[in-house]
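One structure is given here, and the rest of the page talks about it.
Residue numbers start at 1 and run along the sequence shown. In listed order, ligands and their atoms are each counted from 1. What you see is a predicted model, and the numbers here were worked out from it, not measured in a lab.
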Amino acid sequence: MSAIIGIDLGTSTTEAAVYRNGKPEIILNLDHAAVTPSVVGIDQGGNWLVGERARAQALLFPENTAMEVKRKTGSGERIALGKATFEPVELQARLLSYVRTYASEFLGEEVDRAVISVPAYFNDRQRRETIRAGKMAGFFVERILNEPTAAAMRYGLSHLDENSHVLVYDLGGGTFDVTLLEMFEGVLEVKASSGDNQLGGKDFDEALMEWLFAHFQSKHGKNLRQDRYALARVKEEAEKCKIALSTQDTYRVIIPAVCTINGQPVALDETVTRAQFENLTADLLERTHDPIDRVLGDTRLRDDEIDRVILVGGSTRMPMIVEDIARFLGRAPEQPVDPDFAVAEGAAVMAGIIAGEVDEREGLVMTDVNPFSLGVRVRDERTDTVMSVVIPRNTTIPTERTERYATASPRQTVAKIEVYQGESRDVTHNHFLGEFEVKGIPPKPAGMEKINVTFSYDLNGLLVVRAAIVSTGEEAMIEIHMGRDEEKPDVSAWKTAPDAPRFRAIIRRAERAVAQNTLPGGLKERVETLLFKLKQALIAGNVHDAERAEGELTAALRKTEAQ
Ligand SMILES: Nc1ncnc2c1ncn2[C@@H]1O[C@H](COP(=O)(O)OP(=O)(O)OP(=O)(O)O)[C@@H](O)[C@H]1O
Ligand SMILES: [Mg+2]
């Protein structure tokens, strides 16, 4: 079977790793570098550039270069690049496609299966978009894994006998995540996750840029904010300055000929002290406190019950972060994992578990939580847009919860169940997941008939919602694949493909296994995806791919039939 790789698709940088010889190993890109800038561009000839090459042209052709695309995931915004505009997912797919190329080169085999990590605080739409980008790049996305959970798995792998509460603090280029886990004899139990998808190193750069612009304007009377070229250069220098201030007290930002005034080139020249920089970004630091309070509140843990704070993400190298955590939690954070590679390595560990390569005696077992509340739309005295929560946020999954509701109007015979995700009391502010109807309610006065609504949610993101009329037992349900891209094309035409007869038996066998529900969670999904791939290959007349899918299907089925 082909290898599954783990990918940390970051706002600023992307890393990939594979689990082999009993440990995660970082995959080098085509330049033999471990870190690839998350930058995509188009060169003068109209060719795509990815990674270092795209970053290198950013100063010369800022309008042809896209950075920090991840922050726009799921926003519906389009990104201008050259003369065209793109969906964020198309540009993310370019990055992933480069990862697929270099991973295939590095491993010496075609790589097309991946575990991709996302911020724990990504919502369902952002997760779906990430999967879509993976698919566009030619990957089977085996699993979407929360970044702090991945980092904790990396840590857990080398600290299997530790029993403790661990807080993972991940401040990267564009996002902030906090996750609280309990480690107990090799079991990693995520207790709560929170975060801010719009807070990262990029915002610290921008605070500094704003300060540089303001100073330049007051000295020279010129506003550089509108000048694309100046903007790109100031951004680059601001980040350099920020990084330098992590290890030194002052830094001089010099940008020669940043613009011309009255035909004369003018330089930007400012000295920034660490204290000034910390002052400029105090409000950003303040914003990290809320998510920490939230995970502590949701888990009902006191700060002195946290045994360890683990730092992940490049931005945790800022001394003010370390000092702030020590002040806020009364405990110095540690850096037992590599802040740049822990997420990719943890994703590779997850990939190793899926591929059955991590020895089960090593005992790394993981549970997770749902970072957002799940519920249904109900009516109260004033409005009919109230969110009634069935599974509160930060509930350990897998889980099943039931709530009982009453009919809202006289002689009501049908109830529409609308399912939402989010924290607002008004469902219209939350994310709509799906709806269905339960019919045949005996006509009675309002409130006389009761309906039990049950949510069950598993680790693969499958949410099943059932509604049952209590008096009659009549039931209806919906299956929602959270963080799964559902728009699969119809492949029923495989039956008439020329090579169909050769593959009919294995297809039947796999379909039967899926229908009879005999496959354990992760495997069912895998078999379904392989079935889909096989049928698609048959329709396309691609016997080579069909045979490959057949081989993998046989192996997957053998695994369960042996049990
Ligand atoms: N020594 C340093 N001091 C301060 N900031 C740093 C330092 N080194 C890197 N950074 C910042 O860390 C950020 C990149 O971190 P990282 O690669 O972990 O983010 P990412 O994984 O790409 O983003 P995200 O996880 O938010 O999607 C950048 O903003 C970079 O400027
Ligand atoms: Mg990151």
Consider ligand 1: state whether an atom of it lies below 4.0 angstrom from any non-hydrogen atom of R71. no
Once you restrict to heavy atoms under 4.0 Å, what part of S246 touches ligand 1? Side chain, backbone, both or neither. side chain
Do any N/O atoms on P339 end up under 3.5 angstrom from N/O atoms on ligand 1? no
If you take the nearest heavy atom of each of G200, G314, G201, which one is closest to atom 18 (O) of ligand 1? G314
Number the atoms of ligand 1 from 1 as they appear, then name those within less than 4.0 Å of a heavy atom of E147, with their elements. 25 (O)
Heavy atoms of F106 and I26 approach each other most closely as CZ-O, 3.8 Å
Any N or O of E239 closer than 3.5 Å to N or O of ligand 1: yes
Students should be able to answer this: which protein heavy-atom is nearest to atom 5 (N) of ligand 1, and at what distance? K242 CE, 3.6 Å
Short N or O distance, D340 and ligand 1, threshold 3.5 Å exclusive: no
For M318, take its heavy atoms, then give the atoms of ligand 1 lying under 4.0 Å from any of them. 4 (C)
Just to confirm my output: which protein heavy-atom neighbour is closest to atom 21 (O) of ligand 1, and how far is it? G10 CA, 3.7 Å
If you measure every N or O of T13 against every N or O of ligand 1, does any of those distances drop under 3.5 Å? yes
Have S38 and T14 got a donor and an acceptor in their side chains that come within less than 3.5 Å? yes
Under 6.0 Å from the CZ atom of R308, do we count more than 12 heavy atoms belonging to anything else shown? yes
Report, in ascending order of atom number, the atoms of ligand 1 lying under 4.0 Å from any heavy atom of G313. 18 (O)
Contact check: T175 vs ligand 1, nitrogen or oxygen atoms, below 3.5 angstrom: yes
Distance from atom 24 (P) of ligand 1 to nearest protein heavy atom, with residue and atom: T11 OG1, 3.3 Å
Do R225 and N223 have side-chain atoms, one donor and one acceptor, less than 3.5 Å apart? yes
For the pair Y155 and H159, name the ring-plane relationship: parallel under 30°, tilted 30 to 60°, perpendicular over 60°. parallel
Closest heavy-atom contact between P62 and R228? CG-O, 3.8 Å
More than 12 heavy atoms from other groups under 6.0 Å of CD on E105: no
Does any N/O atom on E15 come nearer than 3.5 Å to any N/O atom on ligand 1? no
Could you tell me which atoms of ligand 1, counted from 1 in the order shown, lie closer than 4.0 angstrom to a heavy atom of K70? 24 (P), 27 (O)
Parallel, tilted or perpendicular for Y169 and F176, by the 30°/60° rule? perpendicular
Decide whether T250 and T273 meet the rule of one side-chain donor and one side-chain acceptor closer than 3.5 Å. no
Who's the nearest protein heavy-atom neighbour of atom 23 (O) of ligand 1, and how far? G173 N, 3.0 Å
For a quick check under 3.5 Å, do E110 and S104 share a side-chain donor-acceptor pair by atom type? no
S315: heavy atom below 4.0 Å from ligand 1, yes or no? yes
Closest non-hydrogen protein atom to atom 8 (N) of ligand 1, residue and atom name please, with distance? R317 NH1, 3.5 Å
Between atom CZ of F216 and atom CH2 of W211, what is the distance when rounded to the nearest 0.5 Å? 13.5 Å
Which atom pairs, donor and acceptor, lie under 3.5 Å between side-chain atoms of residues 79-92 and protein residues at least two apart or in another chain?
unit_1 : atom_1 : unit_2 : atom_2 : d
T85    : OG1    : R78    : NE     : 2.8
E87    : OE1    : R132   : NH2    : 2.8
E90    : OE2    : E87    : N      : 2.8

